[in-house]
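Input: a single structure, listed below in structure tokens.
FYI, the numbering just counts along the sequence from 1. In each ligand, atom 1 is the first atom listed, and ligand 1 is the first ligand listed.
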Amino acid sequence: MRKLLALFFLPILLYSFEVKNGEVKILNFDKNSTVYFDGKKIQILQNPQEKSRFYVLLPIRYKEKLGSHTLLIDGKKVLLRVEKGRYKKESIKVAKSKIKPDKKALNRIYKEYKNAKKIYATFSTKRYWDKPFILPLNSKITSNYGNARMFNHTLKSFHSGTDFRAKIGTPIVAANDGVVVIANKRYYSGGSVVIDHGFGLYSCYFHLSKILVHKDQKVKQKELIGLSGESGRVNGPHLHFGIRLYSYAINPLQFTRQINTLFKGEK
Ligand SMILES: [Zn+2]
């Protein structure tokens, strides 16, 4: 009876996926397909190695509703379960001015926020990269993506990237080929570089002490883009590395692992 029941449920199990909030899911296809997630069309992309294969990147917002969501793949309904990621809480002490910015600072923060939001929502219709992604430096992780952050005992936000230990002046390299879209100093993120990799994918490098690229510059993977530092809202020198996909800040390490499966011929 149990076997019969298992057989009965098998078709459903085959066609359902699970993913954690803040992570990305990759779906691979042998043909060009149409995919909708909760009614919103998701761009299908050509595999960087095999032109006859396709994939979609499905970034799940950190604040996405947990539980069942609907994927529509070539008209077929598939369930996608969003599960809660295991994220921790952390307390950080920073300068008072970074917690209660004055009016002038608030204006600047708002402008920078609006500018970044517009950039992350820009969808370049070209893939600039054709190699697996790398991390911008080899170092110990000091703060993981997704941590709920208490700045001076007040809950401010979740950690939108991964922090690496980096003493001031550590060389930081591009995670992959792309075009620089941000290269300036910002209130919270300090010396900032953001690279557009195409099709709504961006990598971010924050708190730099020196920026070695300029806006609109084409960069290659492993190219030196800046030196690490402790600028912006920080409690010590480190590199903050972030990934933005279709505007959402997702887990950069999980993203890197996932996107690189495209190069192993895995299904
Ligand atoms: Zn960080």
task = Take N176 and D130 through the test side-chain contact (heavy atoms from CB on, under 4.5 Å) and record every step on the way to the result.
result = CA-CA 9 Å; N176 218 332; D130 56 10; 5.9 Å; no
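Using a 4.5 Å cut-off on side-chain heavy atoms (C-beta onward), T70 and V78 make no contact.
For F123 and Y246, the gap between ring centers is short of 6.0 Å.
Excluding waters, the protein N/O/S atoms found under 2.8 Å from the Zn ion (ligand 1) are H159 NE2, D163 OD1, H240 ND1.
In summary, of the residues considered (P59, S203, S160), a side chain to side chain contact (heavy atoms under 4.5 Å, CB included) with I243 occurs for S203 alone. In summary, of the residues considered (R149, H240, H238), a side chain to side chain contact (heavy atoms under 4.5 Å, CB included) with S143 occurs for R149 alone.
A cation-pi arrangement is found for R233 relative to Y188, the charged atom lying closer than 6.0 Å to the ring centre and inside a 45° cone about the ring normal.
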